[in-house]
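Encoded as structure tokens, the structure appears first; notes follow it.
Only a predicted model underlies this, so the values are computations on that prediction, with no experimental measurement involved.
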Amino acid sequence: MTTTSTTTSTTTSTSDTPAAAAPGAAAASDFIRDIVAADNQSGKHGGKVVTRFPPEPNGYLHIGHAKSICLNFGIAGENPGGVCHLRFDDTNPAREDVEYVDSIQEDVRWLGFDWGANKFYASDYFERLYQYAEELIKLGKAFVCDLTAEEMISFRGSPTVPGRESPYRERTVEENLNLFAAMRAGDFADGAKTLRAKIDMASPNIHMRDPAIYRIRKVDHHRTGDAWGIYPMYDYAHCLSDSIEGITHSICTLEFEVHRPLYDWILDALKTPCHPQQIEFARLNLSYTVMSKRKLLQLVQEELVEDWDDPRMPTIAGLRRRGVTPEAIRHFCARIGVTKYNGLTDIALLEFSIREDLNRRALRVMAVLRPIKVVLTNYPEGQTEEMPAVNNPEDPAAGSRTVPFSRVLYIERDDFMEVPAKKFFRLFPGNEVRLRYAYIIKCNTVIKDDAGNITELQCTVDPDSKSGGATAGRKIKGTIHWVSAAHALTAEVRLYDRLFTVPEPDNAGEGRDFKEFLNPHSLETLTDCKLEPSLATAVPETRYQFERLGYFRADPKDSAAGKPVFNRTIGLRDSWAKEQAG
RNA sequence: UGUCCGAUGGUGUAAUGGUAGCACAAGGCCCUUUGGAGGCUUUUGUCAUGGUUCGAAUCCAUGUCGGACAGCCA
């Protein structure tokens, strides 16, 4: 799968280039930055700051990863000489794929970060990791175990019950060395043996109860092919990879807190280049969505969404396709902060960051999503006027354009009510509204078909009320958008909404599956939308605000030349909708 | 009746022994040729109980509540 990148500022760089500090989202300090600053002060790591972002290439990156990316690359960028590595934690070939390593790189780059020459793979270290394991065996701190997976579970005990030692625990160093070599040589079946660290089966920390550090898996690896039939486990590979790369601060999420003693044990047991400090922070939880790769994969595989880059997905690729900008994501990440408290962030905060950014940069245009025809009975047939319109009131440099106006227009169905609700100050029989950048009109006649559906509104214009005209300053409560029927571009527009109907689909009750809470209205496809003609040449790189409706961008996959398909990134704040709901 | 971690308005965070502040959300007002944006404004908070201190969100103790951990996943 490929997705068009919407930024062009991907810079190539050389080794030891400081990690790019993406501009515009200066993060306030947090407890991790405090630790880094204190370590710099004390000279703990010789003044160096080396972080890493270590994804497993078994899925697409999501907004939660963005938090980690902004943290790790951010810290590197803020410290003189700081570097952030991109390291693929590819120790489980059964689940990993090059599609994911490609998408991960694209997403990190798109977010605005640069690892320079510092791209690594845990699989780069397989040989060294193997040697370290032999070292551990020689030290009497690792042994080959023949227990089956089921047996190992029963020997492990439980959080409150100590485990029992494996009967294979006291094999000699020589026997272990031979067996481990035979494991590597492929002499045993998958799962027949493991290499285990020899620590303490009675430890109150289950991760210290002789954890497996190598398992036999005769599976081809996406980088090493069939060179290996044994693969190191996360706890063993990660700390050593960190050390090999000279990482100073190994930042990970809270669930690894309990693993830290093992991280430290391995590095203390071996002669390694350095001993990085593992620091844990709370992963991002966002309301009205799910964040686990397993669940996102499920949505993709069961075709509940189009793909990993479905605009409803909280993936970086999905947000990008929807029209969210990297700046908005970075600002969001700066705003949510970094702590050890495992909370639930309101998705409204993300939505705010998106609107904030898009409001600054989006070109304003007029588009009618659900058209209703308006005929201006006192406007000359065949006449067209070009109405000047501002492209972006937030940015004078964006200039202006003209929009064609004529006798037959489309307006939004929602902008007319035959029987007006209270506080409705748009169009209704006998009422006047202002047409944005044009005239004040008055509704006189409602025309319906046999079924009683409204097919046409007959209105009259106040000819002096044209923008800049004699009566243009008249106080009119409502202003609505419109598109000239004769000039309109008909297009497909997709309205996206929250993927789930409940704040915590993950957590919605005993035995309930998160998919029960999928929002049936998360995608609404409109095929008869009428757009102002300037949109015919819209490209995915340009963000638009359809006035009074929301922010839109041309879909990078489904748009064709001269025939754009638009995605709604997010709606405008809508105080009328709020009024009605309240 | 294990180990580790955490707890500040509805939500996310700041205050590092010295005036509990910011943002989002919610409400109100002003402004507006986008019911957008913007401006002003209001409501709501230190888990509990003790202790140390001139002074505690912060330090200590106890309790309560919440989270993570029992893959040959990461």
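Scanning atom types as modelled, one donor and one acceptor separated by under 3.5 angstrom connect the side chain of A:Ser467 and the base of B:U33. Counting distance only, with no hydrogens placed and no angle test, the side-chain atoms of A:His259 and the base atoms of B:A74 include a donor-acceptor pair under 3.5 Å. Between the side chain of A:Glu257 and the base of B:G67, no donor-acceptor pair under 3.5 Å is found.
The phosphate of B:U33 (OP1 or OP2) has no side-chain N or O of A:Arg548 nearer than 4.0 angstrom. The side chain of A:Arg209 places no N or O atom within less than 4.0 Å of a non-bridging phosphate oxygen (OP1 or OP2) of B:C69. Distances shorter than 4.0 Å separate some side-chain N or O of A:Thr91 from OP1 or OP2 on B:A74. Neither OP1 nor OP2 of B:U1 sits under 4.0 Å from any side-chain N or O of A:Thr160. Of the side-chain N and O atoms in A:Arg294, none sit less than 4.0 angstrom from OP1 or OP2 of B:A74. The phosphate of B:A26 has OP1 or OP2 within less than 4.0 Å of a side-chain N or O from A:Lys578. Contact between the side-chain N/O atoms of A:Arg215 and the OP1/OP2 oxygens of B:A74 is found at a separation under 4.0 Å. Between B:U3 and A:Arg260, no contact under 4.0 Å exists linking OP1 or OP2 to a side-chain N or O.
Relative to the ring axis of A:Tyr551, A:Arg568 does not place its NZ or CZ within 45° and under 6.0 Å from the centre. Judged by the 6.0 Å and 45° rule, A:Arg215 forms no cation-pi pair with A:Tyr231.
Across B:A48 and B:U58, the matching P atoms stand 10 Å from one another, rounded to whole Å. Going from the P atom of B:U32 to that of B:G9 covers 39 Å, rounded to whole Å.
The two residues A:Leu296 and A:Trp308 come nearest to each other via the heavy atoms CB-CZ3, 3.7 Å.
The number of heavy atoms from other shown groups lying within 6.0 Å of NZ (A:Lys442) does not exceed 12. No more than 12 heavy atoms of other residues, nucleotides or ligands lie within 6.0 Å of NZ in A:Lys477, so this atom counts as exposed by the packing criterion.
We find that CZ of A:Arg33 is positioned 14 Å from P of B:U13, with the value rounded to whole Å. Note: CD (A:Gln41) to P (B:U16) measures 18 Å, nearest angstrom. With rounding to whole Å, A:Leu286 atom CG is found 12 Å from B:U13 atom P.
Counting only heavy atoms from C-beta on, A:Arg335 has its side chain closest to B:A23 among B:G12, B:A74, B:A23. Taking every side-chain heavy atom of A:Lys475 into account, B:U33 is the closest of B:U33, B:C72, B:A74.
A:Met208 comes within 4.0 angstrom of nothing in the nucleic acid, heavy atoms only.
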